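Have a look at the structure below before the remarks.
None of these values were measured; they are calculated from a predicted model. Letters go in sequence order (proteins before strands), and every chain restarts at 1.
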There are 2 protein chains.
Amino acid sequence: MKLLDIGELARQSGVPPSTLRYYEDIGLIRSEGRHGLRRQYDAPVATQLALISLGKLAGFSLAEMRGMFGADGTPQLPRTELHLRADRLDAQIRDLTRLRDALRHVADCPAETHMDCPKFMRLMQFATRTAGSRRQR
Amino acid sequence: MKLLDIGELARQSGVPPSTLRYYEDIGLIRSEGRHGLRRQYDAPVATQLALISLGKLAGFSLAEMRGMFGADGTPQLPRTELHLRADRLDAQIRDLTRLRDALRHVADCPAETHMDCPKFMRLMQFATRTAGSRRQR
DNA sequence: TCTTGACCTCAAGTGAACTTGAAGTAGCAA
DNA sequence: TTGCTACTTCAAGTTCACTTGAGGTCAAGA
């Protein structure tokens, strides 16, 4: 199996070497060996880094993602857990969609005050419902 | 205009008083006066807090959100800026949707290794493209 | 009037996710 | 063999978003 030098992986993935070392320290990724002093990585680590970057976007902490990946860099979790996380993503996607709609509405609605616009208020209702009950990062 | 005591706003919004004070310190929200020592808030602050909570979910920093709101608690930004942020949200929504699809796929796909499954690899391509070029929080 | 409780200020502490700096080292090209 | 460069370790520093703690204050109810 072809191994990647840490510098090469950093260039390919856009993740700085210091961060790769940090991720390894906390057990999020693994290096396969050294060339001299330099860490060498398996190719699937690149896939894993891509998933980690998305996971961060989705609000997973690094601790949450530790242990989520198998040897091939793909998620290795029980089915139910995967579906549960997918469901949480669905909720987040819904929220973001409404925030987007609200922003676009505010941009385009000619009403002088949005608080009097029924469409805006409808978009805002869910926000008031969800605010605070949301998991924080 | 009816004013809310900080405790009441905290109960309604789910945002602790310490956080409300902190938000005021950094200029993210405004209180309208005091009842004795206690901060009093305008009702629209509740809407604003809901939007802040969603904004955090969307990856905006508190500093970015400072100054985004007008007196009525609704976003007060130039049209182009609002559309730009909506566009960024669209991109984020697309990414999260694909992450969700990838998770569901991994949960349900019977292939012994996902690296050999064309559907998974297709889902992963975008991730490799986007990783690293993404704004960090 | 006195007590209670929820607020007040200000400074310091916390946890997550990294980054930076100092001092050292290994491989490769000249 | 000598440099150069990109890595190495380890500890400490940084930023963000809060929270906590100590010591103080005010309004309302008993």
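In this model, the phosphate group of dA17(C) is not approached by any side-chain N or O of Tyr23(A) to a distance below 4.0 Å at OP1 or OP2.
The pair Asp108(B)-Lys119(B) does not meet the salt-bridge criterion, since no charged nitrogen lies less than 4.0 angstrom from a carboxylate oxygen. Between Arg30(B) and Glu24(B) there is no salt bridge, since none of the side-chain N atoms of the basic residue sits less than 4.0 Å from a carboxylate O of the acidic one. Salt bridge annotation for Asp101(A)-Arg122(A): absent, with no cationic side-chain nitrogen under 4.0 angstrom from a carboxylate oxygen. Between Arg66(A) and Glu64(A) there is no salt bridge, since none of the side-chain N atoms of the basic residue sits less than 4.0 Å from a carboxylate O of the acidic one. With respect to the salt-bridge test (charged N to carboxylate O, under 4.0 angstrom), the residues Arg34(A) and Asp5(A) do not qualify.
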Report summary line: The contact string for nucleotides 20-30 of chain D, one letter per nucleotide 5' to 3', using protein heavy atoms under 4.0 Å with B, S and - for base, sugar-phosphate only and none, comes out as B---BBSSS--

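Taking atom CG of residue Asp25(B) and atom C1' of nucleotide dA11(C), one finds them 12 Å apart after rounding to whole Å. Between the CZ atom of Arg11(B) and the C1' atom of dC7(C) there is a distance of 12 Å, rounded to whole Å. Separating the OH atom of Tyr41(A) from the C1' atom of dC7(D) is a distance of 11 Å, rounded to the nearest angstrom. As rounded to whole Å, 12 Å separates atom C1' of dG15(C) from atom CG of Leu62(A). Atom-to-atom, CD1 of Ile52(B) to P of dA17(D) comes out at 11 Å; the value is rounded to the nearest Å. Following rounding to the nearest Å, Leu20(A) (CG) and dT9(D) (P) show an atom-to-atom distance of 13 Å. If you take CZ of Arg34(A) and P of dC7(D), they are 12 Å apart, rounded to a whole angstrom. One atom, CD1 of Ile26(A), and another, P of dA16(C), lie 10 Å apart when rounded to the nearest Å.
Using a distance-only test at 3.5 Å, with no hydrogens or angles considered, no donor-acceptor pair links the side chain of Gln48(A) to the main chain of Pro75(A). Side chain of Ser53(A) to main chain of Leu49(A): no donor-acceptor pair is present (N/O by atom type, distance under 3.5 Å, no hydrogens or angles).
Here the side chain of Thr19(B) is nearest to one of dC7(C), dT19(C), dC18(D), namely dC18(D).
Residue Ile6(A) is in sugar-phosphate contact alone, with no base atom involved, counting any heavy-atom pair closer than 4.0 Å across all strands shown.
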